[in-house]
Amino acid sequence: MWNGVKVIVLALVVLFAALAANFGRDAAYQFHAILFAVAAAYLLIRTIKGIGEPVKEKPTGYMDDVVRAGVIATAFWGVAGFLVGVWIAFELAFPALNLGNQSWINIEPFANFGRLRPLHTSAVIFAFGGNALIATSFYIVQRTSATRLFGGNAAWFVFWGYQFFIVLAATGYLLGVTQSKEYAEPEWYIDIWLTIVWVVYLIVFLGTIFKRKEPHIYVANWFFLSFIVTIAMLHLVNNMAVPVSFLGSKSVQLFSGVQDALTQWWYGHNAVGFFLTAGFLGMMYYFVPKQAERPVYSYKLSIIHFWALIFLYIWAGPHHLHYTALPDWAQTLGMVFSVMLWMPSWGGMINGLMTLSGAWDKLRTDPILRMMVVSVGFYGMSTFEGPMMSIKAVNSLSHYTDWTIGHVHSGALGWNGMITFGALYFLTPRLWNRERLYSLRLVNWHFWLATIGIVLYASSMWVTGIMEGLMWREVDDQGFLVNAFADTTAAKLPMYVVRGTGGILYLAGALIMCFNLWKTAVGAGQPRGSMSAVPAE
């Protein structure tokens, strides 16, 4: 019965996608319709072939295959995103790398900064970060609930559906399909697909918690749940749009003017707050205690941290719109809540660091734990710098400068990147049933390359950002601006080269990690261990 329904649904998807590909009004829409048709046709053939086959025995134990796939996808998309980031960093220093008319090869407009930049941000945030969150949340919720993932193959739908979303978004950027909204560039039909995938993700996660065998819901699961629910709300509201045509990619936003700006930065800042903070805090609250082999320093503090963070973060978005047409009271509200946000953020940092009480000596011998601790340190630094930059007097200097870029990347590379790397190193030997990682020495190399890369990147952007802000506001005796925009651009060149160099080091560390994880997965001479505990069903 169920297979019959699947066949009908998939056949209809193939039919309508083929019609959309034929009658589509722009090339990008037609290309995406072909992708939908091919994917649905593949699933249709698999479903038809499966009809009549004997029903497989219900699996028991943890559902770790989808987590293994998530680890592979996280590593792959991470390298892809870092590579594009390094390329566009050097594009700003050497514009010929846009590969336009003035270069040895002309592939305009596909290598233009305007198309590669959203490709980079989406790849590192949603492809690298998103896969890390999905994989780790699936792993953690099973272990802390002592039960298998809810929904059977629904978790696989989440995984492959999310990869399909990434491919649609990435190819759309290269083909010029974008809403021009920060962190929300995909057009209407891609947004609808992501909504379907995300709802299934919520069902799988909540269903697993509902059928848990542990009476207590561990704090990491609260952070993951807040991340899933809030991102769904943000996505639905910020992407409210009316398609110009159901046979074309272009849409018109429901909001306009300052209302659109406020909605966008309510979404944008809380994408940082819940996607890049709350979700990764769920990772911190599980992997740091596990790697340190110590309990969470204060469970009461983790509860205070959770409720304060999710209440305050949602109000902080207007600080992105200081000195704009947004009403002054709204700007001030955003600034006040941003400053208040410093306290729960540092509560989480203190909780993470103090978890190492009695185990600080492990930092000398365990580069994985060192990576996790450094990530928590970068979290604390970024969550101090962010509230400081939200203060209007500071923001008047920092906004629209590279200081903001330095702040974002110290958080993204230091906090999100390093905790993810630590989680991947933790997960790989356990998921592939190995006794240990292939090489701790390579982890050490990765740690130092990544750390030095972050320092070069962030410090160069802090220096050039403050210089840029000061040059923009410099006036002569008669009140005229002293520096043209081109003057600031020329002055920033050395720091742009330093920034790109830091990116190369960070990318090199990620490539070393991929080699290390691959050698671990294939065994590299190790005997098989017994690290994957299986719950009773």
Side-chain angles (χ1 to χ4, degrees), residues 62-75 77-78 125-163 165-166 194 197-212 214 216-235 271 273-291 296 302 306 309-310 348 372 375 415-417 419-428 430-431 532 535:
Y62 293 138
M63 187 176 180
D64 281 343
D65 286 351
V66 70
V67 184
R68 278 191 283 270
V71 167
I72 295 169
T74 301
W77 290 118
I125 296 172
F126 298 115
F128 171 64
N131 273 293
L133 289 168
I134 292 171
T136 55
S137 66
F138 282 165
Y139 181 88
I140 291 169
V141 76
Q142 292 184 92
R143 266 67 182 181
T144 55
S145 301
T147 189
R148 187 177 175 85
L149 284 177
F150 174 79
N153 286 326
W156 278 112
F157 173 80
V158 173
F159 174 77
W160 286 114
Y162 197 72
Q163 308 315 306
F165 156 73
I166 293 167
L194 178 59
V197 173
W198 208 257
V199 168
V200 177
Y201 180 25
L202 175 62
I203 292 171
V204 172
F205 193 84
L206 263 182
T208 307
I209 291 177
F210 285 152
K211 70 169 191 169
R212 70 188 184 278
E214 291 288 337
H216 182 73
I217 300 177
Y218 185 61
V219 65
N221 292 326
W222 284 104
F223 278 99
F224 280 123
L225 190 58
S226 70
F227 136 70
I228 297 169
V229 171
T230 309
I231 290 300
M233 176 182 68
L234 298 170
H235 174 76
F274 287 87
F275 201 97
L276 297 177
T277 303
F280 286 87
L281 285 169
M283 294 165 59
M284 182 198 80
Y285 272 115
Y286 182 84
F287 291 115
V288 171
K290 291 289 284 186
Q291 189 68 24
V296 172
S302 72
F306 172 78
L309 192 85
I310 66 168
M372 292 179 180
S375 77
W415 160 234
N416 302 116
I419 194 69
T420 301
F421 297 149
L424 294 180
Y425 284 128
F426 178 92
L427 289 172
T428 300
R430 288 162 175 81
L431 291 171
S532 296

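Everything quoted here is computed from the prediction, not taken from an experiment.
When side chains are defined from C-beta on, Ile217 does not count as touching Leu225, because their heavy atoms never get closer than 4.5 Å. Between Leu149 and Val141 there is a side-chain heavy-atom pair separated by less than 4.5 Å. Residues Ile134 and Tyr162 have side chains in contact (heavy-atom distance under 4.5 Å, counting atoms from C-beta outward). Side chains of Phe224 and Met283 form a contact here, defined as non-hydrogen atoms less than 4.5 Å apart. Using a 4.5 Å cut-off on side-chain heavy atoms (C-beta onward), Val197 and Val200 make no contact. Side-chain contact between Phe426 and Phe421: absent, with no pair of heavy atoms (C-beta onward) separated by less than 4.5 Å. Leu309 is listed as a side-chain neighbour of Phe223, based on a closest heavy-atom distance under 4.5 Å.
To the nearest 0.5 Å, atoms CZ (Phe280) and CG (Leu133) are separated by 4.0 Å. Distance OG1/Thr277 to CD1/Ile310: 13.0 Å, rounded to 0.5 Å. Rounding to the nearest 0.5 Å gives a distance of 13.5 Å between CZ of Phe128 and CH2 of Trp77. Glu214 CD to Thr144 OG1: the interatomic distance, rounded to the nearest 0.5 Å, is 8.5 Å. In this structure, OG on Ser137 lies 9.0 Å from CG on Asn221, to the nearest 0.5 angstrom.
The aromatic ring centroids of Phe274 and Phe227 lie 6.0 Å or more from each other. Taking the centre of each ring, Tyr285 and Tyr218 stay at or above the 6.0 Å mark.
Between the side chain of Gln142 and the backbone N or O of Met63 there is at least one donor-acceptor pair closer than 3.5 Å. Side chain of Ser145 to backbone of Arg212: no donor-acceptor contact under 3.5 angstrom is found. Between the side chain of Asp64 and the backbone N or O of Leu431, no donor-acceptor pair lies under 3.5 Å.
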(message) Determine whether Phe287 and Tyr425 satisfy the following criterion, side chain to side chain contact (heavy atoms under 4.5 Å, CB included), listing intermediate values before the conclusion.
(response) CA-CA 10 Å; Phe287 291 115; Tyr425 284 128; over 6 Å; no
(message) What verdict does the side chain to side chain contact (heavy atoms under 4.5 Å, CB included) test give for Met372 and Gln291, after you've listed the backbone C-alpha separation in whole Å, the side-chain angles of each residue and the deciding distance to 0.1 Å?
(response) CA-CA 9 Å; Met372 292 179 180; Gln291 189 68 24; 3.8 Å; yes
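Within a 6.0 Å radius of CH2 in Trp222, other residues, nucleotides and ligands contribute 12 heavy atoms or fewer. Atom CH2 of Trp156 has more than 12 neighbouring heavy atoms from other residues, nucleotides or ligands inside a 6.0 Å radius.
In summary, the side chains of Thr147 and Tyr62 do not present any donor paired with an acceptor at a separation below 3.5 Å, with no hydrogens or angles considered.
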Tell me which donor-acceptor pairs under 3.5 Å the side chains of residues 202-209 have, and how far apart each pair is, sequence neighbours excluded?
from, atom 1, to, atom 2, distance (Å)
Thr208, OG1, Phe150, N, 3.0
Thr208, OG1, Val204, O, 2.7

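Annotation for Val71 and Ala135: closest pair N-CB, 4.2 Å, computed over non-hydrogen atoms. Across all non-hydrogen atoms, the minimal contact from Ser375 to Trp415 is O-CE3, 3.4 Å. The shortest non-hydrogen separation linking Ile140 to Ala220 is CG2-CB, 4.2 Å. Taking all atoms of both residues into account, the shortest heavy-atom contact from Thr420 to Asn416 is OG1-O, 2.7 Å.
Applying the side-chain hydrogen bond (donor to acceptor under 3.5 Å, both in side chains) criterion to Asn131, with sequence neighbours excluded, gives Gln163. With sequence neighbours excluded, no residue satisfies side-chain hydrogen bond (donor to acceptor under 3.5 Å, both in side chains) with Tyr286.
Because its NZ or CZ atom is both nearer than 6.0 Å to the ring centre of Tyr139 and within 45° of the ring axis, Arg143 counts as a cation-pi partner of that residue.
Considering Leu427, Thr74, Leu424 as possible partners of Thr136, the one that fulfils the side-chain contact (heavy atoms from CB on, under 4.5 Å) test is Leu427.
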